[in-house]
Peer 1: 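So that we are looking at the same thing, I have put the structure below in structure tokens.
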Amino acid sequence: MHKENEISKLTEIMSKFIGLVSYRLPDDVESKLKELREEEIGEMAKIIYKTMDENQKLAYEMKRPSCQDTGVLQFFIKCGEHFPLMGQLNTILREATYKSTMETPLRHNSVETFDEYNTKKNIGTGTPSIFWEIEPDSDGVEIYTYMAGGGCSLPGVATVLMPGEGYEAIVKFVLDRMTSYGLNACPPLLVGVGVGTSVETAAMNSKLALMRQVDSKNENANAAKLEQLLEDGINAIGLGPQGLKGLKSVMGVNVVNTARHPSTIGVAVNTGCWSHRRGLIIFDKDLNYNMPMHKGEVL
Ligand code: SF4
């Protein structure tokens with residue numbers, strides 16, 4: 001295929017994929033919401049879960065976003081060193097964001113900082129955010145697509161703890177944030193906790209934690225234990241769906257960690273809301289694709 005045609009094809013597919021992510025929640029989130037709904041005993045909690053379910057049915061039927069806040073688009077790319085459109089990918093994703101904004105449509109969420117005007121395109125200086133990783137010996141590409149809404153971005157926070165404070169301080173840091181800001185993010189939440197050396201490594205880890213499946217476990221036994229303890233602790237707050245009380249506050253807690261400087265414990269929190277709109281699309285070099293988090297869908 002001619003390069004220009006390949007660029008148009010990938011732009012078209014990504015634009016449609018962004019649209020799909022906006023109105024159809026990923027499989028893991030759908031099934032977790034169903035599970036949480038069945039567990040709840042309070043009348044208000046049951047009503048809210050029922051409303052969420054109806055909202056999703058209508059969003060799917062009408063092909064309209066699950067929530068009015070379609071966020072700022074964020075892409076996390078793992079690109080094979082031999083993927084034919086590697087050099088064009090940033091431009092393609094910006095164009096696909098604009099196209100989907102017009103066609104899906106998506107709310108205009110890109111305001112130029114300090115100049116205070118909305119570009120009305122969902123593209124602006126540095127938006128959408130695109131984060132790269134290069135994969136050796138590969139000619140395909142994996143693209144996580146995430147809609148970072150205002151409410152669910154609001155609890156985001158990062159700090160660097162003194163090493164003597166220990167891992168217990170991570171628990172306090174996360175719980176302090178959940179008891180003060182958790183409510184703003186439309187529970188039940190997917191809580192991403194990142195651990196590393198400094199604020200930016202911890203922050204990136206905490207966002208990558210939101211790309212991981214609900215109900216997945218950290219491979220490290222101690223980190224997996226921390227995930228469980230945090231999940232139990234945040235559930236005990238009793239936020240319930242939309243913060244109106246209930247048995248469960250979270251869909252889950254995912255921890256992503258990297259090695260750290262011996263004198264620091266960098267930690268960050270990021271939250272995904274009940275309408276956790278993230279998806280994964282994987283292309284081969286011929287632009288054949290699959291969407292492992294949205295099984296059964298075609299673009
Ligand atoms: S937190 Fe999520 S569900 Fe709530 S308004 Fe923001 S994007 Fe919508």
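Atoms within each ligand, like the ligands themselves, are counted from 1 in listed order.
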Peer 1: Test the Lys285-Phe283 pair against the cation-pi criterion, namely NZ or CZ under 6.0 angstrom from the six-membered ring centroid and within 45° of the ring axis.
Peer 2: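 Pair Lys285/Phe283 does not count as cation-pi.
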
Peer 1: What residue and heavy atom of the protein are closest to atom 8 (Fe) of ligand 1, and at what distance?
Peer 2: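 Checked against all protein heavy atoms, atom 8 (Fe) of ligand 1 sits closest to Cys67 SG, 2.3 Å.
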
Peer 1: List the atom of Cys273, the atom of Ala185, and the distance in Å for their closest heavy-atom pair.
Peer 2: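 Closest approach of Cys273 to Ala185: CB-O, 2.9 Å.
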
Peer 1: Provide, to 0.1 Å, the distance between atom 3 (S) of ligand 1 and the closest protein heavy atom, together with that atom's residue and name.
Peer 2: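 Of the protein heavy atoms, Trp274 NE1, 3.6 Å lies nearest.
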
Peer 1: Please state which protein non-hydrogen atom is closest to atom 6 (Fe) of ligand 1 and give its distance, to 0.1 Å?
Peer 2: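 For atom 6 (Fe) of ligand 1, the nearest protein heavy atom comes out as Gly151 N, 3.8 Å.
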
Peer 1: Below a 4.0 angstrom heavy-atom separation, can you tell me which part of Ala185, side chain or backbone, both or neither, approaches ligand 1?
Peer 2: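 The answer is the backbone.
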
Peer 1: Verify the distance test for Cys186 against atom 2 (Fe) of ligand 1: any N/O/S atom under 2.8 Å, yes or no.
Peer 2: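 So Cys186 does not bind atom 2 (Fe) of ligand 1 by this criterion.
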
Peer 1: If we set the cut-off at 4.0 Å for heavy atoms, which region of Arg277 has an atom near ligand 1: side chain, backbone, both, or neither?
Peer 2: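 It is the side chain that touches ligand 1; the backbone stays farther off.
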
Peer 1: Considering heavy atoms of the protein only, find what lies nearest to atom 2 (Fe) of ligand 1 and give residue, atom and distance to 0.1 Å.
Peer 2: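 I find the closest protein heavy atom is Cys273 SG, 2.4 Å.
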
Peer 1: Any idea how His294 and Phe17 line up, ring-wise: parallel (<30°), tilted (30 to 60°), or perpendicular (>60°)?
Peer 2: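 His294 vs Phe17 ring planes: perpendicular.
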
Peer 1: Would Met211 end up clustered with Val193 when hydrophobic side chains under 4.5 Å apart are linked, directly or stepwise?
Peer 2: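 Cluster IDs for Met211 and Val193 differ.
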
Peer 1: Per the side chain to side chain donor-acceptor pair (under 3.5 Å) rule, which among Arg212, Arg278, His276 passes with Asp28?
Peer 2: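 So the option named by the test is Arg278.
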
